[in-house]
Participant: 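Here's a structure for you.
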Amino acid sequence: MVIRFTILAFAAVLALSISAALFRVATAPERIAERRATAKEVCVKSGGVWVREGRDEICRKT
């Protein structure tokens, strides 16, 4: 009985962990886009210019 409960508890924790990881991966592009939009807004409001240098986007103070 105790072993069966332990296995059930372990399986439940494992399933929840996998579900949480998949959710984080699936919503990553939305979080990245939101973070980038916030950075652009802060850059412009602080008097900078949002530019692309190579593969990176940076805030260049003018």
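No hydrogens, no waters, no symmetry mates; every other heavy atom, side chains included, goes into these values.
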Participant: Could you tell me which residues satisfy side-chain contact (heavy atoms from CB on, under 4.5 Å) with L14, sequence neighbours excluded, listed by chain and number?
Facilitator: F10, I18
Participant: Go through the structure and list residues passing salt bridge (charged side-chain N to carboxylate O under 4.0 Å, His left out) with R4, not counting sequence neighbours.
Facilitator: none
Participant: Identify each donor-acceptor pair in which a side-chain atom of residues 37-50 lies under 3.5 Å from a protein atom, sequence neighbours left out, and give them as a table.
Facilitator:
unit_1: T38; atom_1: OG1; unit_2: E34; atom_2: O; d: 3.0
unit_1: E41; atom_1: OE2; unit_2: K45; atom_2: NZ; d: 3.0
unit_1: S46; atom_1: OG; unit_2: V42; atom_2: O; d: 3.1
unit_1: S46; atom_1: OG; unit_2: C43; atom_2: O; d: 3.0
unit_1: S46; atom_1: OG; unit_2: K61; atom_2: NZ; d: 2.8

Participant: Holding to side-chain contact (heavy atoms from CB on, under 4.5 Å), I want the full list of residues that pass it with R35, two or more places apart in sequence or in another chain.
Facilitator: R31, I32
Participant: Any chance you could measure L22, atom CG, to T27, atom OG1, to the nearest 0.5 Å?
Facilitator: 10.5 Å
Participant: Excluding sequence neighbours, so at least two apart, what forms side-chain hydrogen bond (donor to acceptor under 3.5 Å, both in side chains) with R24?
Facilitator: none
